[in-house]
**Q** 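The structure under discussion is supplied below as structure tokens; questions concerning it will follow.
Protein chains get the first letters and strands the later ones, always in sequence-line order, with residue 1 at the start of each. Keep in mind that the numbers below use all heavy atoms, side chains included, and drop hydrogens, waters and symmetry copies.
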2 protein chains.
Amino acid sequence: MALTDRRADILARLVDEYIDTAVPVSSRALVDRHRLGLSTATIRNELAALEQDGYVTHPHTSAGRVPSDRGYRLYVQTLMTEEAVPQTERRTVEHQFHQASGGLDEWLSLAATVLAGWVGNAAIVTRPRARITRLKHVQLVQLHEDTALVVAVMDDGRVQQRILSLHGLLTQRELSASAERLNARLSGRDAEVARAVGQELTSANDRLAALIVAELIESHHATEGPYLDGVQVVLEQPEFASPERMLEAVRHLVAYELDRVVSVAADVEPGGTKVMIGSENSDPWLQEWSIVISSYGGRGGLAGTVAVLGPMRMHYARTIPRVRYLSALIDNLMRELVS
Amino acid sequence: MALTDRRADILARLVDEYIDTAVPVSSRALVDRHRLGLSTATIRNELAALEQDGYVTHPHTSAGRVPSDRGYRLYVQTLMTEEAVPQTERRTVEHQFHQASGGLDEWLSLAATVLAGWVGNAAIVTRPRARITRLKHVQLVQLHEDTALVVAVMDDGRVQQRILSLHGLLTQRELSASAERLNARLSGRDAEVARAVGQELTSANDRLAALIVAELIESHHATEGPYLDGVQVVLEQPEFASPERMLEAVRHLVAYELDRVVSVAADVEPGGTKVMIGSENSDPWLQEWSIVISSYGGRGGLAGTVAVLGPMRMHYARTIPRVRYLSALIDNLMRELVS
DNA sequence: ATTAGCACTCTCGCGGTGAGAGTGCTAATG
DNA sequence: CATTAGCACTCTCACCGCGAGAGTGCTAAT
């Protein structure tokens with residue numbers, strides 16, 4: 001059956017309505033709340049057709065219609081009209097970002113919080129992850145007589161540290177000299193090179209420190225999970241009304257699987273957004289979730305993602321532009337940060 | 001009515017049983033599963049007496065008994081026998097801690113995870129918070145032509161960083177020299193001194209950097225919330241079976257109120273534990289929760305806490321020694337770290 | 001002091017039931 | 001020929017009543 005304009009229009013209204021109310025949409029609701037110049041009977045015919053084409057479903061005989069994955073997909077692709085992020089909200093957020101002086105980490109955390117608050121779903125923001133990280137600078141700081149802290153600054157402006165047990169007693173002056181030597185040879189290098197260089201160093205302390213630096217560069221990716229906010233608000237959605245559903249959702253959200261979730265952003269070009277709806281997700285537990293995801297950075301090999309995770313019944317028209325906006329905002333801020 | 005030995009014994013069994021099964025304990029269950037040489041009728045009399053004294057309650061007429069706050073209190077204080085942490089588990093954990101080379105932050109996160117897994121409740125571990133933090137070392141790392149990263153190492157071995165916009169273009173060599181000067185004047189100083197010193201510096205960049213260092217020292221306390229783990233496991237407890245309860249619990253656990261929660265550890269001496277049961281908590285939302293809390297560090301002014309948060313029906317005999325153990329473990333590790 | 005026995009109370013799960021919502025179909029309508 | 005009024009039919013859901021079961025409290029016997 002062909003998808004006539006009228007039918008598409010009805011589908012659009014239906015999805016809007018369902019997103020809004022979370023209640024299966026009846027023909028009555030459609031004529032009452034959206035001024036279609038048609039009777040419920042006509043709508044019912046059209047709905048039946050939409051159902052045949054797989055855009056909507058029926059929980060049971062005497063219930064209204066609910067969009068299917070396919071229905072949402074069409075809606076997102078062509079039916080909805082995106083809601084621009086209001087100027088006032090942009091201003092507020094940009095102000096907040098400029099207040100936040102803590103650097104990248106604070107921005108990302110803030111982005112997750114803002115996003116979750118805006119869209120009423122869970123927001124995930126990952127740190128930028130370079131395909132290959134390089135060392136920018138290393139410093140050795142004395143802690144104890146025989147221990148020092150290796151502080152490594154990476155080329156993405158983030159910092160890693162680890163404790164080093166020294167061979168013999170050294171002063172801070174000696175440590176600084178050692179750091180100087182290391183910087184000369186390791187600055188701008190990646191983990192592999194750092195390891196190789198480290199192995200040929202003769203001074204025991206220099207060698208140890210270099211190897212630790214190599215490890216720090218390597219483990220840089222893995223450090224700490226992404227920023228997550230909005231768990232408490234997404235759980236208020238009616239789809240999690242039963243304890244089992246809610247518990248399952250919490251489990252997946254707090255377990256550290258989120259990195260996998262956002263990995264679908266691999267092929268999203270910066271400035272673009274990707275939407276994964278229900279069965280379009282490969283993870284089994286995501287079959288009834290949708291993800292709106294965007295990436296920032298990327299050109300220089302530093303890519304991070306901004307995503308919203310929620311039930312399929314999600315306010316896409318509001319969510320998509322906001323994800324895109326925040327992603328672009330971080331992108332700009334980051335550009336100032338990376339040399 | 002006097003609390004005879006027998007009555008205390010029965011109370012102890014009852015609490016054990018209830019903690020185990022989460023079901024109101026009947027006189028029948030008590031004689032069947034704990035070899036008391038008494039009939040159910042006798043037990044019933046004793047239970048009635050315990051109820052009169054306020055140690056147990058009755059959900060309704062024909063239900064078994066449930067310990068009251070007061071009952072739990074007596075149980076914790078005098079009735080239970082603590083379960084030592086098995087040697088094997090200690091070994092495993094200590095091994096894990098030695099593997100974890102990422103320093104303090106990684107230890108704390110690990111401690112929360114281990115603890116939550118051990119006791120089946122939420123675990124909270126806060127970072128050590130000095131009454132007064134001092135700078136150990138500062139380093140300036142060039143990012144851009146006109147921006148640098150200020151990296152400050154504090155005396156507790158943690159690192160803070162912030163971006164600095166430079167006045168004029170500087171080389172890394174010049175930045176290092178600047179850092180050298182700053183170290184000479186700021187190392188070992190607290191925020192107030194750093195600010196005062198900063199203000200009298202003549203070089204614009206040095207002054208800016210010093211002021212940022214001062215702010216970093218100050219804001220050091222506030223950075224990031226405590227480590228939390230076990231949310232998903234505590235929610236499996238039957239007390240959270242209803243969606244409302246569960247949602248409320250999630251809200252409080254993910255909201256950043258946990259710092260307030262652990263503030264009750266203020267007067268716990270290191271090596272000791274404190275238990276707060278139900279109404280003993282001042283926060284209204286904690287009226288049906290218990291907290292087992294311990295602190296580490298503290299002598300040198302660096303104090304952090306290790307805590308377990310769960311429903312009142314908590315396995316105290318197992319939880320208390322484990323909280324104490326992990327707290328002591330961190331205490332030891334930290335002592336190696338702080339000069 | 002302990003215990004057997006028994007009446008009494010309260011919960012909980014179950015099946016039945018009726019109102020309400022919504023559909024699908026048919027026949028009438030413009 | 002598309003639209004619509006009308007109506008029978010279906011399914012859910014909240015409510016009610018009820019009986020089984022669990023557990024107590026009390027009394028009288030040991």
**Q** Looking only at side-chain atoms of A:Thr42, point me to the closest of D:dT3, D:dC11, D:dT24.
**A**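 When the side chain of A:Thr42 is considered, D:dT3 is the closest of D:dT3, D:dC11, D:dT24.
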
**Q** Which heavy atom of A:Ser295 sits nearest to which heavy atom of A:Val268, and what is that distance?
**A**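 Residues A:Ser295 and A:Val268, closest heavy atoms: OG-O, 3.1 Å.
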
**Q** Working note: B:Val292 + B:Met314, criterion side chain to side chain contact (heavy atoms under 4.5 Å, CB included); need CA distance, chi angles, decisive distance, verdict.
**A** CA-CA 10 Å; B:Val292 176; B:Met314 173 192 288; 3.8 Å; yes

**Q** Expressed in angstrom and rounded to an integer, what is the separation of B:Leu47 atom CG from D:dG25 atom P?
**A**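 Checked: the CG to P distance equals 8 Å.
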
**Q** In terms of the nearest nucleotide of DNA chain C, which residue is placed more toward the 5' end: B:Gly37 or A:Asn45?
**A**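 Residue closer to the 5' terminus by nearest nucleotide: B:Gly37.
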
**Q** For the pair B:His34 and B:Glu17, evaluate side chain to side chain contact (heavy atoms under 4.5 Å, CB included) and give the outcome as yes or no after the intermediate values.
**A** CA-CA 9 Å; B:His34 305 260; B:Glu17 184 73 16; 2.8 Å; yes

**Q** Check whether more than 12 heavy atoms from other residues, nucleotides or ligands sit under 6.0 Å from atom CZ of A:Arg70, and answer yes or no.
**A**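 Count over threshold, so yes.
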
**Q** Under 4.0 angstrom, heavy atoms only, what part of the nucleic acid is A:Thr40 near: base, sugar-phosphate, or nothing?
**A**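 Nothing, no nucleic acid heavy atom in range.
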
**Q** A:Ala41 or A:Val23: which one's nearest nucleotide on DNA chain C is closer to the 5' end?
**A**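 This one resolves to A:Val23.
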
**Q** Can a salt bridge be assigned to the pair B:Glu236 and A:Arg251 using a cut-off of 4.0 Å between side-chain N and carboxylate O?
**A**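 Result for this pair is yes, salt bridge flagged.
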
**Q** Looking only at side-chain N and O atoms, does B:Ser39 come under 4.0 Å of OP1 or OP2 in C:dT2?
**A**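 For C:dT2, OP1/OP2 do not have a side-chain N/O of B:Ser39 under 4.0 Å.
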
**Q** Considering only heavy atoms, which members of residues 62-71 of chain A lie under 4.0 Å from some atom of DNA chain C?
**A**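 A:Ser62, A:Ala63, A:Gly64, A:Arg65, in order of number.
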
**Q** Nearest whole Å is fine: how far is C:dT2 P from B:Leu36 CG?
**A**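 Spelled out: CG on B:Leu36 to P on C:dT2 is 12 Å.
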
**Q** Which is true for A:Ser26 with a 4.0 Å heavy-atom rule: it touches a base, it touches only sugar-phosphate, or it touches nothing?
**A**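 Sugar-phosphate, no base atom in range.
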
**Q** Ignoring backbone atoms, establish whether A:Arg6 has a side-chain N or O less than 4.0 Å from OP1 or OP2 of D:dT3.
**A**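 Indeed, a polar side-chain atom of A:Arg6 lies that close.
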
**Q** Given B:Arg13 and B:Asp9, is the side chain to side chain contact (heavy atoms under 4.5 Å, CB included) satisfied, shown in steps?
**A** CA-CA 6 Å; B:Arg13 314 279 191 158; B:Asp9 185 46; 3.4 Å; yes

**Q** Given the structure, check if the side chain of B:Arg28 and the base of D:dG21 hold any donor-acceptor pair shorter than 3.5 Å.
**A**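 Answer no: no donor N or O sits under 3.5 Å from an acceptor.
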
**Q** Between the protein and nucleotides 13-19 of chain D, list the N/O to N/O atom pairs that are separated by less than 3.5 angstrom.
**A**
none

